[in-house]
Amino acid sequence: MAVSLKSLSAAVLAALAFGNAAHAAVTDDFNRASLGPDWVIQSGAMSTNGAVVGGDSLSLMTYTPGAGQSHASIDIQLNDGTVAYGAIVLGYASLGENAFIKLQNNGGASGFTHAAFYYGNNGGGDFFSVTGLSSITSARLIASLSGSVATLGIDTNFDGVAEQSFTHDYGAVVFGSGVGLGIYGTATLDDFCLGSNGCSSGNGGGSVPEPASLALLGLGLAGVAATRRRRRG
């Protein structure tokens with residue numbers, strides 16, 4: 001059965017739209033009076049003051065619309081030189097079963113001194129020093145989880161390019177599909193973004209066609225060209 005140029009073009013556009021919708025970034029700038037029902041406090045207390053998120057010791061909350069996402073970013077601000085951290089939580093199954101990826105001031109400096117790939121809510125794991133950030137008081141954390149391997153990028157000038165990047169293999173542990181944030185001390189968090197596309201510029205951003213969508217576009221355009229050749233023949 002012949003496929004018309006109009007219907008083929010519509011199918012290609014619909015496929016691209018579906019690909020973009022499926023991979024579009026999910027963002028939250030916290031510019032409201034309360035966190036709302038999408039955020040679920042799992043430990044401690046976290047809240048927004050209408051601009052940023054703060055919390056108390058060892059707090060963790062998950063974001064219901066983000067379930068299943070494996071890429072996230074968050075902006076962290078240190079407000080004094082005491083021990084404080086902000087964390088991205090990926091693969092959340094429970095408080096003791098998640099990839100807890102954090103950037104921290106361990107005290108004694110104004111800025112960031114350490115980062116960690118912990119398993120569970122500040123539960124222990126790979127805790128290591130970061131260099132050149134002891135006077136830097138704000139940064140963007142960019143984290144991902146692929147299978148058992150997590151990555152952390154630290155972007156100190158907020159241009160979407162990490163100046164320092166680290167990886168960690170958690171090995172044979174249990175992960176779920178939840179995502180969220182952790183906090184300790186006086187640090188504050190802002191501009192949460194989920195999704196492999198659109199997070200490089202913080203809150204907002206768009207998405208681009210995935211390789212499968214681009215391949216479908218190529219097939220669609222080839223079909224359009226063939227249809228036109230048949231009509232000329």
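Checked by atom type and distance alone, the side chain of Asn98 never pairs as donor or acceptor with a backbone atom of Gly91 at under 3.5 Å. Here the side chain of Asp56 pairs a donor or acceptor atom with the backbone of Ala45 at under 3.5 angstrom. Between the side chain of Asn49 and the main chain of Val53, no donor-acceptor pair closer than 3.5 Å is present. A donor-acceptor contact shorter than 3.5 Å is absent between the side chain of Gln77 and the backbone of Ala139. In terms of modelled atom types and a separation under 3.5 Å, the side chain of Ser59 and the main chain of Ile183 share no donor-acceptor contact.
Going from atom CG of Asp80 over to atom CG of Leu78 covers 8.0 Å, rounded to the nearest 0.5 Å. In this structure, SG in Cys193 is found 10.0 Å from CD1 in Ile142, a value given to the nearest 0.5 Å. The distance from atom CG of Asp29 to atom CG of Asp191, rounded to the nearest 0.5 Å, is 6.5 Å. The OH atom of Tyr63 lies 5.0 Å from the CG atom of Asp38; values are rounded to the nearest 0.5 Å. The CG atom of Leu145 sits 12.5 Å away from atom CD of Gln69, with the distance rounded to the nearest 0.5 Å. Taken to the nearest 0.5 Å, the OG atom of Ser43 stands 5.5 Å off from the CG atom of Leu95.
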task: Could you please spell out the steps behind the side chain to side chain contact (heavy atoms under 4.5 Å, CB included) verdict for Thr64 and Val40?
output: CA-CA 7 Å; Thr64 302; Val40 179; 3.8 Å; yes
field: Check against side chain to side chain contact (heavy atoms under 4.5 Å, CB included), Phe30 and Asp190
entry: CA-CA 7 Å; Phe30 305 111; Asp190 197 11; 4.0 Å; yes
task: Before giving the answer on side chain to side chain contact (heavy atoms under 4.5 Å, CB included), spell out for Thr156 and Ile154 the whole-Å C-alpha distance, their side-chain angles and the decisive distance to 0.1 Å.
output: CA-CA 6 Å; Thr156 57; Ile154 305 172; 4.1 Å; yes
- request: Check the pair Ser138, Phe158 against side chain to side chain contact (heavy atoms under 4.5 Å, CB included), reporting the backbone distance first and the verdict last.
  value: CA-CA 9 Å; Ser138 62; Phe158 301 90; 3.8 Å; yes
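Transitive grouping of hydrophobic side chains (ILVMFWY, heavy atoms separated by less than 4.5 Å) brings Ile101 and Leu103 into a common cluster. Taken together through direct or relayed side-chain contacts under 4.5 Å among Ile, Leu, Val, Met, Phe, Trp and Tyr, Leu189 and Val89 form parts of separate hydrophobic clusters.
Between Leu60 and Ile41 the shortest side-chain heavy-atom distance does not fall below 4.5 Å. Looking only at side-chain heavy atoms (C-beta outward), Trp39 and Leu181 come within less than 4.5 Å of each other. Looking only at side-chain heavy atoms (C-beta outward), Tyr92 and Val179 stay at 4.5 Å or farther from each other. Residues Gln164 and Asp155 are not in side-chain contact: their nearest non-hydrogen atoms beyond the backbone lie 4.5 Å or more apart. Using a 4.5 Å cut-off on side-chain heavy atoms (C-beta onward), Thr186 and Thr82 make contact. Residues Leu141 and Leu152 are in side-chain contact: their nearest non-hydrogen atoms beyond the backbone lie under 4.5 Å apart. Contact of the Leu35 side chain with the Met61 side chain is registered, since non-hydrogen atoms from C-beta on lie closer than 4.5 Å. Proximity of Glu163 to Leu133: side-chain heavy atoms (C-beta onward) are nowhere separated by under 4.5 Å.
Checked against the 6.0 Å centroid threshold, Tyr170 and His168 count as a close aromatic pair.
With sequence neighbours excluded, the residues that form a side chain to side chain donor-acceptor pair (under 3.5 Å) with Thr62 are Gln42.
Residues Asn106 and Thr113 have side chains that never bring a donor and an acceptor to within less than 3.5 angstrom of each other. Side-chain contact annotation: Asp169 with Ser148, donor-acceptor N/O pair under 3.5 Å present. Using a 3.5 Å distance cut-off with no hydrogens or angles, the side chains of Ser144 and Thr151 do pair a donor with an acceptor.
Residue Phe128 forms a ring-ring contact (aromatic ring centres under 6.0 Å, His included) with just one option from Phe166, Tyr118, Phe112, and that option is Phe166. Among the candidates Tyr184, Phe127, Phe175, Tyr85, the single residue satisfying the ring-ring contact (aromatic ring centres under 6.0 Å, His included) test with Phe100 is Tyr85.
Annotation for Gly176 and Ala93: closest pair N-CB, 3.6 Å, computed over non-hydrogen atoms. Closest non-hydrogen pair, Gly182 versus Met46, comes out as C-CE, 4.4 Å. Closest approach of Gly153 to Ala162, counting heavy atoms only: CA-CB, 3.7 Å. Contact between Ala84 and Ala187 at its shortest, heavy atoms only, is CB-N, 3.9 Å. Across all non-hydrogen atoms, the minimal contact from Val83 to Gly107 is CG2-N, 4.0 Å. Across all their heavy atoms, Lys102 and Ala87 have their closest contact at CB-CB, 3.6 Å.
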